[in-house]
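Throughout, a chain's letter reflects where its sequence line sits, starting with A, and its residues are numbered from 1.
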Amino acid sequence: MKKYIPSQIESKWQKEWRENQLYLSDLSDDKLKYYVLVELPYTSGDLHMGHWFTFTMGDVLARFKRGQGFNVLFPNGFDAFGLPAENAAIKRGIHPRDWTYKNMERMKDQFDTMGTAIDWTKTMMACDPKYYKWNQWIFLKMLEKGLAYRGKLLSNWCPKDQTVLANENVEDGKCWRCGAKVVQKEIDQWLFKIIDYADQLIWQEPPQAAWPKPLRVGQNDWIGRSEGLILDFDGIKVFTTKPETTDGATFLVLAPEHPLVGKLTANKQKDDVESYISRIKSKSELERKENKEKTGVFTGSNVLNPVSGKKIPVWVADYVLMGYGTGAIMAVPYADERDRQFAKEFKLPIIKTSFKARPAGQKQTQYHLHDWSISRQRYWGTPIPIIYCDNCGTVPVPEEDLPVELPYKVDYAPQGKAPLATAEDWVNTQCPKCKGKAKREVETMDTFVDSAWYFFRYLDPENDKEIFDKKVVDAWMPLEIYIGGPEHTLGHALYSRFFTKFFKQLGLIDFDEYAQKRIHHGTILGPDGARMSKSRGNVVNPDDQVKKYGADSIRLYLMFLGPFDIVTPWSPEGINGIYRFLQRIWNLPEKLTINDERLTMNDLQIMHKTIKKVTEDLDSVKFNTAIAGLMEWLNYLSKKEKISEEEYKTFLLLLSPFAPHITEELWQLINGKWKMENGKWKDKKFSIHKHSWPQFDNKFLEEEEVFIAVQVNGKVRDSLLIQKDIVSNKETVEKIALESPKVQKFIEGKSVKKTVYVQGRIISFVI
RNA sequence: GCCGAGGUGGUGAAACGGUAUACACGCAGCCCUCAGAAGGCUGUGAGCGCAAGCUCGUGGAGGUUCAAAUCCUCUCCUCGGCACCA
């Protein structure tokens, strides 16, 4: 018995595959295309177990489909812009660009150690001007179509760092960097008008593409379309979805930020209202969200309820949000729980509504979704291609001047203004219109812009004339399967759909959804069952595991753990078990006989059954049961004295997507020796990964005899071995079943009222 | 509170309405060994029994069906998302 030592074979084959360019895809051939995509990694520095999990899935599918004769594209790139790079760079005193490029190199090497069949000639890096030029181009197109605009938006604001923070950079209501309490502030910023696409982004039933239901429901809820009326109460406009309850409206409530608050406040209420508003404004976002108790103050003004004809008071309260509807509501405490709480708290009247009111109003559709703020007062991102001129105002950078390159020499440490403002040579420029002195926009784009369309660019990454070649994209999109995380449901997965619909409007593409299928992968937790994190010290480092067990063991272990969406701990014993499985395969050649091809019916049946199982399971993305099928077959083969070349090769082929290195090594034992010249393959097709996928033959799948369970009153009492040729004959099967002594025992002395026979499965007697 | 996904052995998990627990981990016994490691064989849902076998069993309670982990109703729990959206 030889010991299986993965380090002796894995890097050897990785080098061989790379040098022979085994995984290049020819995009000009699109007859049988298969485009598999995994969400691109962030350039954090090291691949973690999550990357291994998701990229192994993509890799298994890519290899399987390639074997089936598909022209497969399995690309990858890097999400290389963003705050963590800046932060790490500030901490370590390295320039964000140098830090990022170093990480990308390292991560590419780590992808190699995983043995992925990634075609690295179809790639992108968000921080490469070749790529972000087209972010800028998209921005200009948005501007042209009226979909990009400068607007004021209530945002998370860190008063210490003087910057807007994305929601995900607010931790427990505090700035993730300095810990200062985040406040809500109106900030002037660039926005994309995603609201214009809200209706198109709503998922219909049945869905236009096979995306996960939680994503479809989540996105629809997030878009939050509701239809109602705008009603006018003496000049105060309110939005309601239940105009029929207007007769029960006993007061009005304005959001604290509502522009009419000042005008409506009576002199004697002025102090009360002002102190209430300043109290609310001083609260952090978190405090406002957490506190569900109703607070508010009377303005001193009254308005007329047009339906009841009564004067009703106008209040200010923070349970009404400025960001939704008109920022003012009519309160119907009889019909609405929140209004009722407020009415009780402040002793306001609650009167019954008839639900038959028909007030005059204007039809209005409201959305929970807000326009997408893309401005970041940060350095490490795509510069927004805008120039401010004293004479001409806001001037877009002309297309032919793109890309606006991010300057290298910048003081990117936070100092209360956008870092780009410190690059004075860069900021001061010429107005494209009047040629006079002008200044560049110093904000950069949200990195979610980068990832909203990268999968288009993989198809034509070097194109500097246009964003992509329409012909190639027409042929290769929509992609077949997109593997990603459920945490992107409301961010990336929505933005990328928005861009797709925008591209269609521009005439760049002809389809509505960019992925035919999306699946949400699970999470590998630490051995202690908690999310892996450095601070917990429960991180399982893939590099260490590679040294110990090899890449094939990790890949196989991750795929065998459970379904692709499993959330489960890493098990040190589990991976050891998989290593033992590979060790047994490593010794298969000991049983191999080349010139003895006699296979029994049993041998053939289990072989073809396994081919069928692995093939069908992979087609339905059930990696774990496919591997279980291979284990069963190996258990069978292990009991045999000798195994034939056909069995050996078929087994290796079926295993090869999961464990590409060991299968290549063992394959070469019988195939490779005389196909190599000077240490190079004469022809790449002699790699196991260029061999075609095994086919199963139905004639070996029909069992000679089958077990049929016999039930009496719903309980299994016996199991009969029935010959194939009498399985379809109900009377005969029934007769045999009734003769069984075990069955007799339960039927004796009683009469059979009913018999149900499911062919080849079960026969059921009711007595 | 609302929405979504789930609850099956000691553990990760299998199972077109048709013999629940495949496959693997762990554990136990035996073989091999000076010994250990590695490997091999056997057993492993619970209860009763020497055994054949019987009874119970997929969070809980009902229901539909010859037959339910699977379908229906109610309920409890876990995880994820959203959350004063008028």
Checklist entry - Below 4.5 Å, heavy atoms only, C-beta onward: do A:P306 and A:F233 meet side chain to side chain? => result yes
Checklist entry - Mind checking the C1' distance from B:rU44 to B:rG9? Whole angstroms is fine. => result 10 Å
Mind listing the N/O atom pairs, protein and nucleotides 44-55 of chain B, below 3.5 Å?
from: B:rU55; atom 1: OP2; to: A:R717; atom 2: NH1; distance (Å): 3.2

Checklist entry - Roughly how far apart, to the nearest Å, are B:rG43 and B:rG36 at atom P? => result 24 Å
Identify each atom pair where a protein N or O and an N or O of nucleotides 6-12 of chain B are less than 3.5 Å apart, giving names and distance.
from: B:rG12; atom 1: O3'; to: A:T568; atom 2: OG1; distance (Å): 3.4
from: B:rG12; atom 1: O2'; to: A:L561; atom 2: O; distance (Å): 2.8

Item to check | Lys/Arg N to Asp/Glu carboxylate O, A:E641 vs A:K591, below 4.0 Å | outcome: no
Next on the checklist: For A:Y334, give me all partners under ring pair (Phe, Tyr, Trp, His ring centres under 6.0 Å), at least two apart in sequence or on another chain.
Outcome noted: none
Interface polar pairs with nucleotides 26-29 of chain B, N/O, under 3.5 angstrom:
from: B:rG26; atom 1: OP2; to: A:R580; atom 2: NH2; distance (Å): 3.2

Checklist outcome for this item: Across all chains, not counting sequence neighbours, the ring pair (Phe, Tyr, Trp, His ring centres under 6.0 Å) partners of A:F498 are A:Y197
Item to check | Non-neighbouring partners of A:E616 that pass salt bridge (charged side-chain N to carboxylate O under 4.0 Å, His left out), sequence neighbours left out | outcome: A:K612
Checklist entry - Which residue pairs pass the ring-ring contact (aromatic ring centres under 6.0 Å, His included) test when at least one of the two sits in residues 741-767 of chain A, sequence neighbours left out? => result none
Next on the checklist: According to ring pair (Phe, Tyr, Trp, His ring centres under 6.0 Å), who are the partners of A:F651, at least two apart in sequence or on a separate chain?
Outcome noted: A:W633
Checklist entry - Using the P atom in both, what is the distance from B:rG39 to B:rC54, to the nearest Å? => result 39 Å
Checklist entry - Of the residues in residues 613-625 of chain A, which ones touch RNA chain B at a heavy-atom distance under 4.0 Å? => result A:K622, A:N624, A:T625
Checklist entry - P atom, B:rU55 versus B:rA68: distance in rounded Å? => result 15 Å
Checklist entry - Ion pair present between A:R340 and A:E345, side-chain N to carboxylate O less than 4.0 angstrom? => result no
Item to check | Contacts of type ring pair (Phe, Tyr, Trp, His ring centres under 6.0 Å), residue A:W372, not counting sequence neighbours | outcome: A:F192, A:Y495, A:F499
Item to check | P-based separation of B:rG12 from B:rG26 [nearest Å] | outcome: 15 Å
Item to check | Interatomic distance, A:F233 CZ vs B:rA86 C1' [rounded to whole Å] | outcome: 12 Å
Next on the checklist: If the test is side chain to side chain donor-acceptor pair (under 3.5 Å), which one of A:Q208, A:Q204, A:E205 qualifies with A:R216?
Outcome noted: A:E205
Checklist outcome for this item: Taking B:rC82, B:rA14, B:rA20 as options, the one with an atom nearest any side-chain atom of A:V716 is B:rA20
Next on the checklist: In whole Å, I'd like the distance from the CD1 atom of A:I223 to the P atom of B:rG81.
Outcome noted: 19 Å
Next on the checklist: Please classify the nucleic acid contact of A:D336 as base, sugar-phosphate, or nothing, using heavy-atom distances under 4.0 Å.
Outcome noted: nothing
Checklist entry - Any cation-pi pair here, A:K2 with A:W586, using under 6.0 Å and within 45°? => result yes
Checklist outcome for this item: Base-pair string, RNA chain B, Watson-Crick plus G-U, cut-off 3.5 Å on both distances, | for inter-strand, is (((((((..(((.....[....)))((((((.......))))))((((....))))..(((((..]....))))))))))))....
Checklist entry - Do A:K193 and A:D371 meet the salt-bridge criterion of a basic N to acidic O distance under 4.0 Å? => result no
Using nucleotides 63-69 of chain B, report all nitrogen or oxygen pairs with the protein that are shorter than 3.5 Å.
from: B:rC66; atom 1: OP1; to: A:K754; atom 2: NZ; distance (Å): 3.0
from: B:rC66; atom 1: O2; to: A:S764; atom 2: OG; distance (Å): 2.9

